[in-house]
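Structure record follows, encoded as structure tokens.
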Amino acid sequence: MSGGDPFEGVFGQPQVRDFLRASVRNDRVTHAYLFTGPAGSNKTLAAYALAEALVCASGGCGECDACRRVRRRKHPDVHYYAPEGATGYLVDQVRDIVADTSLSPIQADRKVYIIDRVDLMNAASANAFLKTLEEPPDDVVLILLGRTRESVLPTIVSRCSVVPFRHIPATEAAGIIAQQAGVTPARARIGLAACDGSITRTIEFVKSNERMEFRKSVLGVMGRLDSMDSWACIEAARELVGLAKAPLDEIRAAQEAEIRESEDFLAKSAIRRIEERNKKALTAKNLESLNQVASIIASFLRDVLAVCAESPEVVVNVDVMTAIEEAAAATDEARIARAIASVRTCSAAISYNVSPETCFDALLFELKEALYGSHSPYQACI
Ligand SMILES: [Zn+2]
């Protein structure tokens, strides 16, 4: 992406694009937005595009240092938050965000806060936030993201300018990703399955050979599952957690380089704030990567289900078709449904900070039992 219009990249949402572009051009930007739309509707991308237009001295030229930093998600005055609690925002986290809004910007004239999943903000957290939302400091723009308007507390909705995003159908999303990342639509669908439908994360995923290898290794474990004993499950669980951790070193190195680059012109306190934020970003990335392991396993199981249901044309992981067919031949639809339910339980446990090794060990054991076990542990209960 280059050139002078940051909103050009907000694919699949022409109305949103026109609305935001006009708001910036006509100087009608308000202090609080609520972007609503399902996962994969490009809300995050649109939020960063608006942030770029707001922190760049020329309204988002696409070429200056500020624009480039926003595009690399590294601008010190553009903040991104996701819920730190397993079930949503913790009151303490919201208080931290509120406290941060009163600090002066580090580089730009204003600060932008992108606050994801505000549908996961309960009444207590929302209460800590309402005053700021109603009257943020003059140099602050808040961009809240939520799945639906109805799922966000009315006290939050009523204080924001609501921008609805449409659902982007999977084939259209795959087309956008294929074009943007320069990959085949088949690879785009594989990425979408691993990234829970998020277009922004999928573009990053499919462009990275390392991530695609990571996916291959996860699928490799699924292919071996039938022949694994309990010890092999423990070993494989450790392998999955190791695979999820691999990209973190790279991110850490990039963060350190970023700080060295800014050291000369930033105050010590500003550097400390960046370091603090980097640490949180690393934790979030680790969780995202662990969830990708679960998403990849789930997509494999959905493919096995498709073959069982005699719809092989909807298989996403076409490159491991042999393993999918072998698994399908050894199991049935009811068993696969149980296996998919186990993956959901595993994802939830990971979000609750249960040791990921324990979660994946339990998951692999359950998947093996569900798919290939001689008797079902559930049948005994009926
Ligand atoms: Zn610029």
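By convention here, the first residue in the shown sequence is residue 1. One-based numbering, in listed order, for ligands and for the atoms of each.
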Carefully, step by step, assess Leu367 and Ile297 under the rule side-chain contact (heavy atoms from CB on, under 4.5 Å). CA-CA 10 Å; Leu367 291 183; Ile297 292 176; 3.8 Å; yes
Check ion pair Arg338-Glu333 (N to O, under 4.0 angstrom): no
Taking atom types as modelled, is there a side-chain donor on Asn122 or Tyr89 under 3.5 Å from an acceptor on the other? no
Taking the basic N atoms (NZ, or NE/NH1/NH2) and the acidic carboxylate oxygens, is any pair closer than 4.0 Å for Glu276 and Arg273? no
Taking only distance into account, with no hydrogens and no angle test, what donor-acceptor pairs under 3.5 Å do side-chain atoms of residues 142-154 form with protein atoms, sequence neighbours excluded?
from	atom 1	to	atom 2	distance (Å)
Thr148	OG1	Ser151	N	3.0
Thr148	OG1	Ser151	OG	2.8
Ser151	OG	Thr148	N	3.3
Ser151	OG	Thr148	O	2.8

Report for the Zn ion (ligand 1), protein N, O or S closer than 2.8 Å, by chain and number, lists Cys56 SG, Cys61 SG, Cys64 SG, Cys67 SG
How are the rings of Phe214 and Phe205 set relative to one another: parallel (under 30°), tilted (30 to 60°) or perpendicular (over 60°)? perpendicular
